[in-house]
Protein chains: 2
Amino acid sequence: MKLHEFLKVKTALNDDLLSDLVSKFKKKHLKTGRFLLRKGQIADSYWFLEDGFCRSYYVKNDVEHTVWIEAPGELVCEIKSLRLQIPTEYSIQAMEPITYYTIKSEVLEQLVSESAELQAFMVRLWETRFIIAMDGLRAFQTMGAKERYGYLLKNFPNMEKLTLYQLANILGITQSSLSRIRRLK
Amino acid sequence: MKLHEFLKVKTALNDDLLSDLVSKFKKKHLKTGRFLLRKGQIADSYWFLEDGFCRSYYVKNDVEHTVWIEAPGELVCEIKSLRLQIPTEYSIQAMEPITYYTIKSEVLEQLVSESAELQAFMVRLWETRFIIAMDGLRAFQTMGAKERYGYLLKNFPNMEKLTLYQLANILGITQSSLSRIRRLK
DNA sequence: AATGTTTTTTGCCAAATGTCAAATTCAGAA
DNA sequence: TTCTGAATTTGACATTTGGCAAAAAACATT
């Protein structure tokens with residue numbers, strides 16, 4: 001079971017606590033195109049993606065902007081909506097049939113508050129996300145589109161899963177620009 | 001004492017633990033232009049900025065790129081270098097005479113590991129940073145330079161402290177472009 | 001006030017990216 | 001295979017942004 005492995009590797013929980021934690025998750029499935037979260041909802045869960053990719057997108061002026069891709073083996077959470085209790089600006093959609101485990105945030109956070117190991121895990125989780133986000137920001141601040149494209153592919157090979165249009169969104173450029181960038185390299 | 005207030009508000013520590021924690025920080029000062037951290041060093045501390053602003057910048061091809069501004073009342077930490085134990089890519093420089101408190105990461109993290117309240121505080125700290133970073137990423141992905149400029153000023157009025165050149169860096173454009181954007185608005 | 005330094009603005013032109021639409025390619029369904 | 005719809009590429013042209021250097025403005029020092 002991937003969730004079990006994930007938590008075993010990432011936390012220092014003993015087997016009892018680990019099993020207890022895992023048992024609090026519910027296994028679910030989603031067909032291609034269905035949503036883990038839809039714009040306007042208030043997020044109240046964490047999801048562990050076991051299998052299949054999702055993409056997060058943002059809608060502005062009736063246009064979809066894909067902002068990120070969620071890969072199997074990741075603990076996914078729309079923390080802004082969850083923490084501020086505001087409707088989320090994002091939709092998280094299954095790009096293919098997915099298997100995931102879900103846990104309500106109150107349940108997870110109750111467990112977290114009772115376990116130093118789990119708290120440490122959460123700190124690391126958000127630290128790591130923050131580091132990745134800051135590296136991305138710097139890519140926008142200091143690189144042109146071509147260089148950013150190379151950076152993204154090198155560090156996130158998963159991006160190959162996206163359509164040209166979606167990948168261009170993530171790079172902050174148009175699909176025609178990305179197509180031309182590809183041609184020249 | 002600003003540090004004391006900061007921790008009192010942000011953590012749910014009782015007065016004893018709070019005072020104990022505060023006592024582990026050392027108060028320091030830095031003159032304008034001096035560094036909290038220099039490129040190539042391995043970060044091993046957290047800093048609480050009590051007074052005065054700093055800027056973080058990144059050097060690429062011998063050119064400085066200001067990437068962010070650190071304001072009084074913030075707990076500052078170069079988490080990538082600290083966590084991965086790699087030389088930092090950033091320099092953090094005092095933009096004016098600053099007063100700050102410093103604590104070694106081992107010391108803080110030891111205390112954190114012993115206190116559920118402090119652990120919760122650290123989780124919130126990095127969650128919040130992550131949210132801000134993701135909003136910034138989305139600004140790059142979905143806005144042009146003009147709109148991004150408006151967004152930045154509205155949400156981070158501190159940016160007024162920066163020179164045109166530094167602000168342009170943060171926006172990912174050149175100073176001449178920013179100057180032109182300003183003229184038109 | 002005079003001087004020197006830094007910051008900002010501006011002009012000129014080049015390069016990058018955007019917009020829109022049509023052509024082409026690709027992939028799956030029939 | 002053939003057909004169909006989606007994805008990608010391409011062309012023509014507009015707009016934005018960059019690079020560079022000089023001019024102008026703002027600031028600080030004497």
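Computed from a predicted structure; not experimentally measured.
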- [ ] Report yes or no: do A/L75 and A/L111 belong to one cluster of Ile/Leu/Val/Met/Phe/Trp/Tyr joined by side chain heavy-atom distances under 4.5 Å?
- [x] yes

TODO: Grab the CG-P distance between A/L171 and C/dA16 for me, whole Å please.
DONE: 16 Å

Open item on the list: So, OP1 or OP2 of C/dG18: does either fall under 4.0 Å of a side-chain N or O from A/T174?
Closed with: yes

Task: A/T163, nearest nucleotide to its side chain (from D/dT8, C/dT9, D/dG19) - done: D/dT8

Task: Closest to side chain of B/I181, choosing from C/dT17, D/dT17, D/dT9 - done: D/dT17

Open item on the list: Please determine whether a side-chain nitrogen or oxygen atom of A/S177 lies at a distance below 4.0 Å from atom OP1 or OP2 of C/dG18.
Closed with: yes

Task: Length of the CD-P vector between A/Q175 and C/dT24, whole Å - done: 18 Å

Task: Atom-pair distance (NZ on A/K146; P on D/dT17), nearest Å - done: 17 Å

Open item on the list: I need the single residue from B/Y90, B/F156, B/Y57 that forms a ring pair (Phe, Tyr, Trp, His ring centres under 6.0 Å) with B/W68. Which is it?
Closed with: B/F156

Task: Integer-rounded Å distance: D/dA7 C1' and A/K161 NZ - done: 17 Å

Open item on the list: Please report the distance, rounded to the nearest Å, between CD in B/E147 and C1' in D/dT16.
Closed with: 15 Å

- [ ] Please state whether the phosphate of D/dT10, meaning OP1 or OP2, lies under 4.0 angstrom from any side-chain nitrogen or oxygen of A/R183.
- [x] yes

Task: Polar side-chain contact B/R182-C/dT10 base: donor and acceptor under 3.5 Å - done: no

- [ ] Taking only the side-chain heavy atoms of A/I173 (C-beta and beyond), determine which of D/dC20, C/dG18, D/dT8 contains the nearest atom.
- [x] C/dG18

Task: Heavy atoms from other residues, nucleotides or ligands near NZ of A/K28 exceed 12 (cutoff 6.0 Å) - done: no

- [ ] Please report, rounded to the nearest Å, how far the C1' atom of D/dG19 is from the CZ atom of B/R180.
- [x] 10 Å

- [ ] Give a yes/no verdict on a cation-pi contact between B/R38 and B/F35, requiring under 6.0 Å between NZ or CZ and the six-membered ring centre and an angle within 45° of the axis.
- [x] yes

TODO: Starting from C1' on D/dG18, measure out to CE on A/M143 and report it in whole angstrom.
DONE: 18 Å

- [ ] Look only at the side chain of B/Q141 and the backbone of A/I170, and say whether a donor-acceptor pair between them is shorter than 3.5 Å.
- [x] yes

Open item on the list: Between P on C/dG18 and CG on A/N61, what's the gap in Å once rounded to a whole number?
Closed with: 16 Å

